[in-house]
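Everything on this sheet refers to the single structure shown next.
Nothing here was measured: the structure is a model prediction, and the numbers come from that model.
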Amino acid sequence: MYIYGIALITLFVPLVISKLYYLSIKDPSKQSDWVDETSSFLSYDFEENVSLVKEELGDSSDMVLRTFQLGDENLKTALIFLKDIVDIEMINNNILQPLMTDSPYNDLQDYMDQIKNGLLPVSEMYETDCVKTISINMLQGNAVLLFQGTDHAFILKTPKSKTRSLEEPVTETLVRGPRLGFNEDIGENIALLRKAGVNTDLRLISSQVGSRFNKEVVISFVEGIADPTLVESVKRKIQNIMIDNVPESGIIEQLIEDQPLSFFPQVQNTERPDKVIAAMAEGRVAILLDGTPFALIVPVTLSMFLQSPEDYYHRSISATLNRWLRYIAAFLTVFSTPLYIAFVSFHQGLLPTQLAMSIIGAREGMPFSIIIEALIMEVAIEILREAGLRLPKPIGQAVGIVGGLVIGEAAVEAGIVSPATVIVVALSAIASFSLPQYSMSTSLRMIRFLAMFLSASFGLFGVLVFFLFFCIHLVKLNSFNTPYLSPAIPYSTSDWKDLLVRMPIKMMNKRPKFLRPKNSIRKQ
């Protein structure tokens, strides 16, 4: 019975901690300290308004305050902006020049109406009396226009457009498919979604995240397809994010997933616009954050992480074969090393005689047990993988290839590990490289270590117990109220056309049922 106790403690403690944490973050009392309910508003005092704006941003050194007077009545006017993030040419030509040279000022209200009706040639303009709104817009690269005798200010759209060019996605390379990927500018990312095709049902809902460093986040979905309950759930979770800074979409991913301590990702990230469009066409929701090229897709299933956009650009037979290879690679990533340990340590009789004699002969004189050998090689592979990622690209590739060959050969020649262990660990590493999603590859590599320890302790029985609790966890796991193993569990015959096999496009005429789309029929 102690075996069951160890297995239960090993596998269920993370799940219990995850559940308790999830309940704690859903408690409103734990979030009340983050809410800032104070906000200042403009008055009819011009000098006080200028001071409020300056104080809100700490009278920063990059703030420009341009004051001047209009008309015969010498109306006090102030233009305030942050010089390094605005388009100076636009401010000079489209704001200051019309105000100072073409300004037909007679009456304040009449003059403000003229500004709203076209005196200033800027693309976007609106009024506000909230100092917090003014500061947020200034930090986004907009200019603020204040007048004496009014408690409202004009927000003028003047951000500097300076981003890197569109390039091929680095983390998701394809043989066939679009070569454009997202970049760090959310405006260009939205434009990529718009350019995917004319669609009047594409909806973009903008919001702000970050209590101290405010950033724009956009929720994107196709109205008439996406489940309204799903859209509301995503909006609610985004609005409940109370944190100082959100530098990358990975922070949002961690804050909106249901079980943060689970080994498996419950949100998918991607750099590919075509992947986001395809997901929204099925009824999913995308989340874009300013400052990162990685968009998020929810809800997700396990099968999504083993699929590639390229599956749909090739014929169904070749796509199905590639998909089977990925499922086999995922199995080898997790179970190849644990099964090797179990057979060699406990169940040599289950191996073919010649193979067993070969492995035993190669291990003769080895100083370490099989689990220590496997751990040495697994840790060495992980270190080489990390080194290859952190070094400059030309050097990193050399370290990954040469380092693996040198360390493996040297370890065998020194008698530290057996050749069979090197082969099995290398097979496991190569299998993990073939998975299209890096986050899933990392998750499977982590749980492999747990399977190795259980295998070294209890043999095939430990592997079996690990597999059972592995399946139990996957069955219980959800992503935005969508079962993680859908469409396998719960079973849906029509959705199996895009699970283990990829049927011809003509036969895939329905959207996945588990996403509860408002319109389940694809228009052919």
Side-chain angles (χ1 to χ4, degrees), residues 14 167-174 181 184 247-254 257 260-272 291-294 296 305-306 308 326 329-338 340-341 368 370-414 416-419 421-456:
E167 301 172 354
E168 184 176 357
V170 177
T171 59
E172 298 173 277
T173 57
L174 300 179
E184 286 76 14
E248 215 278 332
S249 58
I251 303 295
I252 296 179
E253 178 179 347
Q254 297 173 62
E257 60 185 2
L261 295 183
S262 173
F263 286 110
F264 296 94
Q266 296 139 60
V267 179
Q268 188 176 46
N269 61 81
T270 180
E271 291 183 86
R272 302 193 62 87
T292 176
F294 288 91
L296 305 179
F305 293 98
L306 300 178
S308 169
R326 292 191 205 108
F331 179 84
L332 292 176
T333 300
V334 179
F335 291 103
S336 59
T337 307
Y340 169 72
I341 294 171
F368 302 114
I370 188 66
I371 180 64
I372 300 300
E373 285 186 13
L375 285 175
I376 290 174
M377 291 307 301
E378 290 284 1
V379 172
I381 290 292
E382 293 299 327
I383 291 175
L384 285 172
R385 187 200 307 267
E386 190 68 15
L389 288 175
R390 305 306 165 200
L391 288 172
K393 186 177 294 185
I395 303 176
Q397 293 176 350
V399 168
I401 298 173
V402 177
L405 294 174
V406 171
I407 290 178
E409 182 66 22
V412 172
E413 292 293 333
I416 298 175
V417 297
S418 64
T421 303
V422 174
I423 292 173
V424 172
V425 172
L427 175 63
S428 176
I430 294 172
S432 69
F433 292 145
S434 66
L435 300 181
Q437 193 75 23
Y438 180 75
S439 58
M440 179 55 69
S441 173
T442 304
S443 300
L444 295 181
R445 296 201 312 270
M446 287 191 299
I447 65 175
R448 178 176 62 204
F449 285 97
L450 178 58
M452 288 168 56
F453 284 115
L454 289 174
S455 174

So, for [X] and [Y], which heavy atoms are closest and what is the spacing to 0.1 Å?
X    : Y    : value
A330 : L306 : CB-CD2, 4.2 Å
T173 : P169 : CG2-O, 3.8 Å
S249 : L296 : O-CD1, 3.5 Å
V267 : F305 : O-CZ, 4.1 Å
E373 : I416 : CG-O, 3.7 Å

Does any non-hydrogen side-chain atom of [Y] lie less than 4.5 Å from one of [X]?
X    : Y    : answer
I447 : F264 : yes
R326 : S308 : yes
M440 : P265 : yes
V417 : F368 : no
I370 : Y340 : yes
P338 : L454 : no

Value rounded to 0.5 Å, distance of [atom1] in [X] from [atom2] in [Y]:
X    : Y    : atom1 : atom2 : value
Q254 : L261 : CD    : CG    : 10.5 Å
I341 : F453 : CD1   : CZ    : 9.0 Å
S336 : I423 : OG    : CD1   : 12.5 Å
I430 : I381 : CD1   : CD1   : 8.5 Å
L375 : E382 : CG    : CD    : 11.5 Å

| message | Under a 3.5 Å threshold, yes or no: a donor from one side chain and an acceptor from the other, between T337 and R448? | response |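 Side chains of T337 and R448: no pair found under 3.5 Å.
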| message | Using modelled atom types and a 3.5 Å cut-off, is there a donor and acceptor pairing between side-chain atoms of S443 and backbone atoms of S439? | response |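 Flag set: sc S443 to bb S439 pair under 3.5 Å.
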| task | Using modelled atom types only, decide if a donor and an acceptor are shared between the side chain of T333 and the backbone of S432 within a distance under 3.5 Å. | result |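 Looks like yes, one N/O pair under 3.5 Å.
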| task | Among E271, Q437, R272, find the residue that satisfies the side chain to side chain donor-acceptor pair (under 3.5 Å) test when tested with T171. | result |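 Of the listed options, the one satisfying the test is E271.
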